[in-house]
> 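Please see the structure below; I have some questions.
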There are 2 protein chains.
Amino acid sequence: MPRAGLTPDTVVREAARLADEVGHDRLTLAALATRLGVALPSLYKHVRGADALAQRLSVLATAELADEMTAAAAGHAGADALRAVATAYRAYARRHPGRYPAAQRAPDPADAEHQAAGERAVGVVYAVLRGYGVTGEPAVDAVRMFRSAVHGFVSLEAAGGFGLPQDVDRSFERLLDGLDAAFRSWPTH
Amino acid sequence: MPRAGLTPDTVVREAARLADEVGHDRLTLAALATRLGVALPSLYKHVRGADALAQRLSVLATAELADEMTAAAAGHAGADALRAVATAYRAYARRHPGRYPAAQRAPDPADAEHQAAGERAVGVVYAVLRGYGVTGEPAVDAVRMFRSAVHGFVSLEAAGGFGLPQDVDRSFERLLDGLDAAFRSWPTH
DNA sequence: CCTTAAAGCTAATGTCATTAGCCAATGCCG
DNA sequence: CGGCATTGGCTAATGACATTAGCTTTAAGG
């Protein structure tokens, strides 16, 4: 019987696709093995187990998200950059409903690649805030507000937490206006 | 052998305590049964299964959260009310790390009690916004921003998503200042 | 070729959720 | 006070999943 020709990368990438299709919670080694045409234990030749896979998936998703945020920021400044980055963030989460929750796993301090991806994503937000004149210690707080608001919106949206039929896109626009107002009046000390 | 004397309520409440102790993801029917001094299948006499338990837990947590938000809002107005309610929200999430994620489950449209609890929690936020003169359709968007920011902050905090050692309490205060700025300039049409 | 690292397999174990069906404690009603 | 229905608890059986151990065979390199 011919080999399947898997590598750790193949496995993680297929896991990402599968997660997007069936949902983060239904991503299972069993389903992944079936998808790859392989018996379940064979996966252990490429990943150390379910937890390690989740970890690798988090790295992948964080890096992709950082890439898209970076690309979105290019050529924009101020409120414009804020909109572009946040919109890219939300678009990624909607396009990859399985990957996105995976990215929420806290970066493993022992994994340099994971750390780097996380810092890259956060770095884009710092750059946006620099456009508001927000730097240094206050920027730490501002980054946290950005992440909280955008992540919160995106995850409530994904969970079906917005019950009313009212236009969700418009609500997101208002949220961005709100963040803009907040950052324009952000303390500098 | 004497009976354990369980009721659906006993079971759900113990599940809530257990979830707070071991974490939402490690709340398992097996562990719950052990905790209650009963064999696992016996639980099925009181709850329909793991999913139904999660549902009941969501109702419990949502109602508790709504209660605490309501209590916190009493006697406050404007920015003061905003702070009080948001702080109560965060305090609940920190005090009940297992219940809080359970509350994020979207209210079941078929469960009137669940719907009511959700609406009660959201109602407190509407009341806060009324203090800013924000009502009607724009209030829908504002409520969503409030929920996004506070839920996002709280869940990133719980997930260990704030890597830097920088004071998290202060960041939350700044977030509240930011929300205040946003709501003070909220559009009225 | 022929050897060997590794990719894949089957088998075994353990945890959990769920369903079926049995038995005994409890409480009601005569 | 006693009989009986209700029902809360049990054990046993099944099935999904993750993990580990250990075997086999592919396929790549000397």
Side-chain angles (χ1 to χ4, degrees), chain A residues 1-60 97-99 101-102 105 108 110-111, chain B residues 1-61 97-99 101-102 104-105 108 110-111:
Chain A
M1 44 199 85
R3 291 197 177 174
L6 303 182
T7 68
D9 256 42
T10 329
V11 170
V12 173
R13 266 203 280 270
E14 192 62 34
R17 269 183 236 118
L18 181 55
D20 284 341
E21 287 176 26
V22 305
H24 174 258
D25 45 317
R26 293 201 205 162
L27 170 61
T28 183
L29 291 185
L32 180 56
T34 302
R35 176 70 90 85
L36 290 166
V38 123
L40 197 164
S42 304
L43 295 178
Y44 283 78
K45 296 288 170 164
H46 306 287
V47 294
R48 296 172 78 74
D51 191 69
L53 178 65
Q55 153 78 21
R56 298 289 311 262
L57 203 51
S58 179
V59 177
L60 172 73
R99 285 152 147 101
R105 185 189 177 100
D108 177 1
D111 184 340
Chain B
M1 46 197 80
R3 292 195 175 175
L6 302 182
T7 68
D9 256 42
T10 326
V11 171
V12 172
R13 266 203 277 269
E14 192 60 35
R17 269 183 236 119
L18 181 55
D20 284 340
E21 287 177 27
V22 304
H24 174 257
D25 44 318
R26 294 200 204 163
L27 171 60
T28 182
L29 291 186
L32 181 56
T34 302
R35 177 69 90 83
L36 290 166
V38 124
L40 198 164
S42 304
L43 296 178
Y44 283 77
K45 297 288 169 156
H46 307 288
V47 294
R48 296 172 79 70
D51 192 70
L53 178 64
Q55 153 78 23
R56 298 289 310 264
L57 203 49
S58 179
V59 178
L60 172 72
R99 287 151 145 101
Q104 296 314 311
R105 186 189 176 101
D108 178 0
D111 183 340

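Lettering of chains follows the sequences in order, A, B, ..., and the numbering in each one begins at 1.
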> Taking all atoms of both residues into account, what is the closest heavy-atom pair of A:Thr10 and A:Gly5, and its distance?
OG1-O, 4.5 Å
> Taking all non-hydrogen atoms of both residues, which atom of B:Glu14 and which atom of B:Leu36 are closest, and how far apart?
CG-CD2, 3.6 Å
> Would you find a donor on one side and an acceptor on the other, under 3.5 Å apart, between the side chain of A:Asp20 and the backbone of A:Arg99?
yes
> For the pair B:Arg26 and B:Glu21, find out whether any cationic side-chain nitrogen is under 4.0 Å from an anionic carboxylate oxygen.
no
> Does the pair A:Asp9/A:Arg56 count as a salt bridge with the N-to-O cut at 4.0 Å?
yes
> What are the two closest non-hydrogen atoms of B:Leu53 and B:Leu29, and how far apart are they?
CD2-CD2, 3.8 Å
> Calculate the interatomic distance between A:Leu43 atom CG and D:dC17 atom C1'; express it in whole Å.
12 Å
> Please state how far atom CG in A:Asp25 lies from atom P in D:dC17, giving the value in whole angstrom units.
13 Å
> May I have the distance from B:Lys45 (atom NZ) to D:dT11 (atom P), rounded to whole angstrom?
14 Å
> How does protein reach along nucleotides 10-17 of chain C, written 5' to 3' as B (base within reach of a heavy atom under 4.0 Å), S (only sugar-phosphate), or - (no contact)?
BB----SS
> Atom CZ of A:Arg35 and atom P of D:dC17: how far apart are they, to the nearest Å?
14 Å
> Between B:Arg48 (CZ) and C:dT19 (C1'), how many Å, whole number?
13 Å
> Phosphate oxygens OP1/OP2 of D:dG9: is one of them under 4.0 Å from a side-chain N or O of B:His46?
yes
